Trainee: 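I'd like to ask you about the structure that follows.
Atoms within each ligand, like the ligands themselves, are counted from 1 in listed order. Note that this is a predicted model, so its numbers are computed, not measured.
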Amino acid sequence: MKNPMMNHTSPSHSLTFESLRIRSVLVPLRRPVFAKVGTFHQWPLVLIDVHTREGVTGHSYLEPHVPAAIPAIQTMLDILAHTLKGKVLAPLDAYGDSLKALHLLGREGVSLIAISGLDMAIWDALARASHLPLARLLGGQPGPVRAYNTTGLWLSPIQTLGAEAKTLVAQGGFQALKMRLGRATVQEDLLAIRTVRDAVGPDIHLMSDFNQSLSYAEALHRLRALDDQGMYWFEEPVVYDQPQRIADITRQIQTPVQIGENIYGPRGFYQAVAAGTADLYMPDLMRIGGVTGWMRAAAIAGAAGLPLSSHLYASVSSHLLRASETADWLEWSDWAEPVLAQPCVVANGCVTVPDRPGNSIEWNEAAVAKYAI
Ligand code: MG
């Protein structure tokens with residue numbers, strides 16, 4: 001006998017793609033970025049809203065580094081909006097359909113950056129429609145993720161690094177900071193390390209990033225000279241598209257080598273892992289393929305037993321690290337916070353994933369209007 005109380009028409013969480021809203025902002029940086037890849041006083045963001053026929057809206061943003069990239073991303077997103085119009089929003093299907101739609105323009109680069117932004121917004125819509133935090137939708141749960149502060153210690157004057165390092169630690173009770181290396185001489189890098197270490201003491205982990213600035217020969221010389229400095233990792237010593245060179249360096253240097261922010265998609269990630277390119281990996285959500293690409297990469301990292309950290313995108317990345325087998329470190333940056341209504345909660349060196357539906361992104365509309373470009 002049927003239970004009359006059983007609801008055979010319980011609402012499905014199915015969502016239908018209606019439209020995209022794309023806005024761009026240029027927000028100020030509290031501390032300018034002085035890196036080998038560029039100097040930045042402001043930071044561009046592409047804000048993406050996926051509107052569904054059912055009235056649920058999903059949010060995401062992209063950090064394209066340079067405003068000049070925005071029109072190209074917009075063009076790709078326009079193509080994707082046309083492709084998905086009227087379709088049921090299943091993120092995995094949307095990811096596949098989007099790759100097919102842009103296949104002839106290339107499955108990496110700007111194509112994948114646009115697909116990644118759209119993918120993150122679609123997953124957010126699904127999480128909101130399901131009344132679940134993204135971490136829970138993915139099978140994990142809200143909670144803390146250990147984080148390092150990445151927002152300072154650029155290639156700025158060495159005498160300023162000590163005070164800045166103390167400020168960065170205090171910003172969230174951080175137990176780990178990232179500093180940039182690759183100054184003109186080995187002696188300057190050594191002095192920079194000593195300055196930061198003297199300021200923060202022996203118990204703070206110091207990650208280091210060369211931002212792809214060295215030639216292969218320079219990298220071997222420099223990393224050997226710095227190999228006994230207790231750096232937690234050496235990141236991107238040479239340009240990212242020389243995996244064989246990176247693998248050679250990884251084998252010759254004791255300090256773990258970290259890469260990943262320039263790996264495009266889970267297949268690129270698989271190739272890097274299969275080739276033993278680095279010791280550690282830190283995908284960037286806008287290049288790895290959004291949530292879908294991240295989870296596929298996370299499965300590869302888990303199976304390979306490789307620690308997985310994140311690059312930028314602290315809000316969404318924190319959810320994903322809560323659902324990743326080999327979750328390691330969250331790279332914490334507040335660069336998008338001027339336009340976020342609810343910035344990441346950071347304390348005691350951890351970002352805590354909140355127990356509320358979605359991926360944690362809500363717009364501060366007044367700020368979006370103020371910084372619109
Ligand atoms: Mg980096």
Trainee: Assess whether a salt bridge exists between Glu365 and Arg23, defined as any Lys/Arg side-chain N lying under 4.0 Å from an Asp/Glu carboxylate O.
Mentor: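 Looking at Arg23 together with Glu365, the answer is yes, because their closest N to O distance falls below 4.0 Å.
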Trainee: Linking I/L/V/M/F/W/Y whenever any side-chain heavy atoms sit under 4.5 Å apart, do Ile246 and Trp233 land together?
Mentor: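 As far as the 4.5 Å side-chain criterion goes, Trp233 and Ile246 are not connected within one cluster.
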Trainee: Indicate whether the side chain of Glu188 and that of Thr185 have a donor and an acceptor atom separated by less than 3.5 Å.
Mentor: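 Yes.
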Trainee: Provide the tally of protein N/O/S atoms nearer than 2.8 Å to the Mg ion (ligand 1).
Mentor: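 N, O or S atoms of the protein closer than 2.8 Å: 3.
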Trainee: Have a look at Tyr281 and tell me which of Phe269, Trp294, Trp329 forms a ring-ring contact (aromatic ring centres under 6.0 Å, His included) with it.
Mentor: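 Output: one option passes, namely Phe269.
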Trainee: Taking only Lys NZ, Arg NE, NH1 and NH2, and the carboxylate oxygens of Asp or Glu, determine whether Asp93 and Lys87 approach each other closer than 4.0 Å.
Mentor: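 No salt bridge links Asp93 with Lys87.
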Trainee: Can you confirm whether more than 12 heavy atoms, excluding those of Asp227, are under 6.0 Å from its CG atom?
Mentor: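 Yes, CG of Asp227 has more than 12 neighbouring heavy atoms, counting only those of other groups under 6.0 Å.
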